[in-house]
2 protein chains.
Amino acid sequence: MTPSDFHESDFEPDLSIINNALSVICGKWRLYIILVLGEQTLRYTKLSELLPGVSEKVLAGELKALVALGVMKRVLYAEIPSRVEYALTEKGIFALPQLRQIQQIGQLFT
Amino acid sequence: MTPSDFHESDFEPDLSIINNALSVICGKWRLYIILVLGEQTLRYTKLSELLPGVSEKVLAGELKALVALGVMKRVLYAEIPSRVEYALTEKGIFALPQLRQIQQIGQLFT
DNA sequence: CAGTATCCGACTGGATACTG
DNA sequence: CAGTATCCAGTCGGATACTG
């Protein structure tokens, strides 16, 4: 077996790792927020315009959670009026192709 | 652009497709159940032994949901005592590599 | 502008006891 | 054997009003 034959996906199911993944993905809007953001850097208000139907409370909560998980970063500019920009972290961008592929699973089960 | 350049993952985020995928994945045990089953065919009792910590109610409910989604099939044998076997459908097996890769996302965010 | 605070109904998951 | 039925606590998401 060469290194290129090695796939981490051959690992046994691990509940804590799965739960980490689920915390990035699950929640009614979490994955959608990540995919809509993509590689852009967007201000809070712009994000909420791109995500109609997501209430303020939920959007703020999801963003906070995604920042805490290390998926997104939040940059606050000390201006008046205040400006906050959101973007994926390096890890988030690294995971983006995988996250996009999750949509393929959805297409399979329609 | 040739067919091999075409990736469905380049699609714009689509909420209803994402929600289909989430219904396969989300729930505290749903993905774990799929990955533990894998390509095996298992009886209900064997499954519940492999999934300690999942209550009867939840396991039965998750299995029912996964069958309804077309991820799993349930085969009832008209024997006494009754025997029921669960296995992934063709679609489920087709999606299995993608589903396993979700664990990689989890490993990234530890 | 970029969030909080509050209230609320609906849904999730767990424990336990029971059944065709 | 393979589930149901019941109850219950906790969480999730939505609506709305308010704030540094």
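We use all heavy atoms of the structure for the numbers below, so side chains are in, but hydrogens, waters and symmetry mates are not.
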Participant: So which of Leu42(A), Thr41(A), Leu47(A), Leu66(A) actually passes side-chain contact (heavy atoms from CB on, under 4.5 Å) with Tyr86(A)?
Facilitator: Leu47(A)
Participant: Quickly work out the Leu42(A) CG to dA2(C) P distance and round it to whole Å.
Facilitator: 11 Å
Participant: Measure CG/Leu50(A) against P/dA2(C) and give the value in whole Å, please.
Facilitator: 13 Å
Participant: Think Tyr44(A) has a side-chain N or O under 4.0 angstrom from the OP1 or OP2 of dT4(C)?
Facilitator: no
Participant: Heavy atoms under 4.0 Å, any strand shown: does Gly61(B) hit a base, just sugar-phosphate, or nothing?
Facilitator: nothing
Participant: Would you please confirm or rule out a distance under 4.0 Å between OP1 or OP2 of dG3(D) and any side-chain N or O of Tyr86(B)?
Facilitator: yes
Participant: Whether Thr45(B) contacts dA2(D) is assessed here as follows: a side-chain N or O lying under 4.0 Å from the phosphate OP1 or OP2. Is that the case?
Facilitator: yes
Participant: Could you measure the distance from the CG atom of Leu88(A) to the CG atom of Leu37(A)? Nearest 0.5 Å is fine.
Facilitator: 4.5 Å
Participant: Measure from the side-chain heavy atoms of Val58(B) and tell me the nearest of dG3(D), dG14(D), dG13(C).
Facilitator: dG13(C)
Participant: Ile25(A) CD1 to dC12(D) P: how many Å, rounded?
Facilitator: 16 Å
Participant: Please pick, from dA2(C), dT4(D), dA2(D), the nucleotide with the shortest atom-to-atom distance to any side-chain atom of Glu56(B).
Facilitator: dT4(D)
Participant: Can you tell which of Val36(A), Val58(A), Ile34(A) makes a side-chain contact (heavy atoms from CB on, under 4.5 Å) with Trp29(A)?
Facilitator: Val58(A)
Participant: To the nearest 0.5 Å, tell me how far Lys28(A) NZ sits from Asn19(B) CG.
Facilitator: 7.0 Å
Participant: Nearest whole Å is fine: how far is dG20(D) C1' from Leu76(A) CG?
Facilitator: 12 Å
Participant: Can you see whether Glu56(B) engages Tyr44(B) through a side-chain donor-acceptor pair at a distance of less than 3.5 angstrom?
Facilitator: yes
Participant: Is Arg83(B) salt-bridged to Glu85(B), cutoff N-O under 4.0 Å?
Facilitator: yes
Participant: Taking a pair as Watson-Crick or G-U wobble with both distances under 3.5 Å, which nucleotide is matched to dC18(C)?
Facilitator: dG3(D)
Participant: Does a side-chain N or O from Arg74(B) land closer than 4.0 Å to OP1 or OP2 of dG3(D), or not?
Facilitator: yes
Participant: For dT4(D), take OP1 and OP2 only and decide whether either is under 4.0 Å from a side-chain N or O of Lys64(B).
Facilitator: yes
Participant: To the nearest Å, how far apart are Lys46(A) NZ and dA2(C) P?
Facilitator: 13 Å
Participant: Among dG14(C), dG14(D), dG3(C), which is the nearest nucleotide to the side chain of Ser55(B)?
Facilitator: dG14(C)
Participant: Considering only dT4(D), dG3(C), dC1(D), which nucleotide approaches the side chain of Val84(A) most closely?
Facilitator: dG3(C)
Participant: Looking at dG14(D), does its base get a donor-acceptor pair with the side chain of Lys57(A) below 3.5 Å?
Facilitator: yes
Participant: In whole Å, what is the span from the CD atom of Glu79(A) to the C1' atom of dG20(D)?
Facilitator: 16 Å
Participant: Measure from the side chain of Arg43(B), starting at C-beta and using heavy atoms only, and say which of dG3(C), dA2(D), dA15(D) lies closest.
Facilitator: dA2(D)
Participant: Identify which nucleotide among dG3(D), dC1(D), dG13(D) has an atom closest to any side-chain atom of Trp29(A), counting heavy atoms from C-beta outward.
Facilitator: dG13(D)
Participant: Over how many whole Å does the gap from Leu51(A) atom CG to dG3(C) atom P extend?
Facilitator: 13 Å
